[in-house]
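Just below is one structure, and these are the notes that go with it.
The structure presented is a predicted model; accordingly, all values stated were derived computationally and were not measured. Counting starts at 1 for both ligands and their atoms, following the listed order.
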Amino acid sequence: METPKKIKVALLGVGTVGTGVYKILTRQREEMVHKIGAELEIVKILVRDRKKERPGIPAELLTDCFADILDDPEIQIVIEVMGGMEPARTYILEAFRHGKHVVSANKDLIANDGKELFEAAQENHRDFLFEAAVAGGIPIIRPLKQCLAGNNLTEVMGIVNGTTNFILTKMTENGMDFGEALKMAQELGYAEADPTADVEGLDAGRKMAIMASIAFHTRITFSDVYTEGITKISADDIRYAKEMGCDIKLLGLAKNTPEGIEVRVHPMLIPSNHALASVRDSFNAVFVHGDAVGDTMFYGRGAGEMPTGSAVVGDVIDIARNIQYGCNGRIGCTCYKEIPVKKMEDTFNSYFLRIQVQNRPGVLANIAAVFGNNQVSIAQIVQKKAVKGRAELVVITDCVCEKNMRDSVMILEGMSIIQEISSIIRVYTEEE
Ligand code: NAP
Ligand code: HSE
């Protein structure tokens, strides 16, 4: 039998994701010959520290010099799984200039500099694939770009951060407070030592920017995404949400409306019987609506060594098949429109507010007047508890303009009858 051709690959980074990629490519080595008609061989791995213990990773493949990879003409595919903005950005651009195809899992970089990276890939006639950058192991970039390409997509909504979903699940099901649940997430390796990007909604915001760009054919960067995290969600919020038949989830929402594109990440009350409410622990799910297909949902593991490695290897195989057929750039940048992005204050939402007020006659009427004067229609108002002259109110509004809600809250915060506005959380409605 003829010796199969070898396609040589280099890894930039061999941490969580890189190790998963190495393991999958090693155990799939023989299968690859059948799947792509060639062997895929990792020949070099870039790391910062060559002396670090790396069980299962051959030390002879390690280098701390990027030029060893760049200047090796036999390396055709570079897999960037090192993370961060620099030097990852420069290394990817240089790889294209040196005729290499690139696979990346780097959402931070793509959500910011995606345009530049795509243009460099196109100029150099190379492929640039990044399935793992959004929702880890869940196939979503390829479905948006390929399988659903016959649709006019109007909505992408999802739970795209496993750490925050794990924390909210523990708060909901085990009655933990935020701090306890975060500590558990850190102990289990879901949350990083500095959990800011996850708990403040930044990680989810980057993923929403990437998905919205693809779904609506318009370049959306992270700075276009409104983000709000889960640090202020309390056990009381979760309890009251449950009483209303709802769960609180950190949702990413991207909608293409006649007034422009909305892209945001914030906590939301969603009905407990909604499909996204059943997404528990560190799982992710993405819901997509298209004019032809209707509703679709993608579910699975949004992070971790093997799930994320699975998405990266899928991209590597795709590029290897292109190499075998002598083609590239079949599916490059799909941002051929320039739809404006809507300001958050122009969006419409229903709101849940938990307010601590003085417990005396006339307070409710005064609060209702502020909302009424600002075109905020109240759907429900309930007094939850009253102790020593203080009462807790829960207000649910109809679907109203965010600007009107912000104006109301500013006035309420300046009133002596209001002791504290403890929470403002948006509520999912069918119009969302
Ligand atoms: P990680 O565990 O921190 O690993 C990073 C690797 O890159 C390490 O091997 C590190 O080398 C190497 N590295 C970092 N900076 C370098 C530099 N300047 N020069 C040379 N090597 C460098 O990161 P990860 O969790 O695998 O994440 C990698 C990427 O995948 C990130 O973009 C992340 O956002 C994305 N991602 C991760 C997940 C996940 O579940 N972890 C899921 C989806 C996407 P040393 O080992 O020598 O320090
Ligand atoms: N930190 C992310 C999460 C995984 O918790 O979902 C990497 O994208």
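Of the polar atoms of G302, none of the N or O atoms is found under 3.5 Å from an N or O of ligand 2, judged by distance alone. The shortest N/O to N/O separation between K107 and ligand 1 falls below 3.5 Å. In terms of polar-atom proximity, defined here as any N/O pair under 3.5 Å, V14 does make such a contact with ligand 1. Considering backbone and side-chain atoms together, T16 places an N or O closer than 3.5 Å to an N or O of ligand 1.
With a heavy-atom cut-off of 4.0 Å, T308 touches ligand 1 through its side chain alone. Residue D203 touches ligand 2 through its side chain alone, judged by heavy-atom distances below 4.0 Å. Here T163 has heavy atoms under 4.0 Å from ligand 2 in both its backbone and its side chain. Residue-level proximity to ligand 1 for R54 is carried by the side chain, the only part with a heavy atom below 4.0 angstrom.
Atom 13 (N) of ligand 1 has as its closest protein heavy atom M82 CB, 3.8 Å. Atom 28 (C) of ligand 1 has V81 O, 3.3 Å as its closest protein atom, hydrogens excluded (heavy atom only). The protein heavy-atom contact nearest to atom 35 (C) of ligand 1 is A105 O, 3.3 Å. The nearest protein atom to atom 31 (C) of ligand 1, hydrogens excluded, is given as G83 CA, 3.6 Å; this is a heavy-atom distance. Residue, atom and distance of the protein heavy atom nearest to atom 6 (O) of ligand 2 are G162 N, 2.7 Å. In terms of protein heavy-atom proximity, atom 4 (O) of ligand 1 is closest to G15 CA, 3.2 Å.
By heavy-atom distance, the residue among D198, L202, N284 lying nearest atom 1 (N) of ligand 2 is D198. The residue among E86, R48, E131 with a heavy atom at the shortest distance from atom 14 (C) of ligand 1 is R48. Distances from atom 26 (O) of ligand 1 to the heavy atoms of D64, V17, L46, L12 put V17 nearest.
Atom CG in L11 sits 7.5 Å away from atom CG in L25 (nearest 0.5 Å). For the atom pair SG of C327 and CZ of R321, the computed distance is 12.0 Å after rounding to the nearest 0.5 Å.
A heavy-atom separation below 4.0 Å is found between K207 and ligand 2.
Residue G304 approaches ligand 1 through these ligand atoms, each under 4.0 Å from one of its heavy atoms: 39 (C), 40 (O). With ligand atoms numbered from 1 in the order given, ligand 2 contributes 4 (C) to contacts under 4.0 Å with heavy atoms of A303. Proximity to K107 (heavy-atom distance under 4.0 Å) selects the following atoms of ligand 2: 7 (C), 8 (O). Close approach to K52 involves these atoms of ligand 1, each under 4.0 Å from a residue heavy atom: 45 (P), 46 (O), 48 (O). Interface atoms of ligand 1 facing G13, defined by a heavy-atom separation under 4.0 Å, are 6 (C), 7 (O), 9 (O), 12 (C). Residue-ligand proximity, A303 to ligand 1, at heavy-atom distances under 4.0 Å covers atoms 40 (O). Each of the following atoms of ligand 1 lies closer than 4.0 Å to a heavy atom of D49: 47 (O). The atoms of ligand 1 that sit less than 4.0 Å from any heavy atom of P87 are 18 (N). Distances below 4.0 Å separate heavy atoms of A132 from the following atoms of ligand 1: 43 (C), 44 (C).
Side-chain contact between V47 and I57 is absent, with no heavy-atom pair separated by less than 4.5 Å. The shortest distance between side-chain heavy atoms of H98 and D71 falls below 4.5 Å.
No cation-pi contact links K337 to F216, judged by a cut-off of 6.0 Å to the six-membered ring centre and 45° from its axis.
A pairwise comparison of heavy atoms in S234 and R354 identifies OG-NH2, 3.0 Å as the closest pair.
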Using salt bridge (charged side-chain N to carboxylate O under 4.0 Å, His left out), reason through R206 and D108 one step at a time and then give a plain yes or no.
CA-CA 6 Å; R206 291 175 180 123; D108 304 36; 3.7 Å; yes
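Salt bridge status for K6 with E74: absent, with no side-chain N to carboxylate O gap under 4.0 Å.
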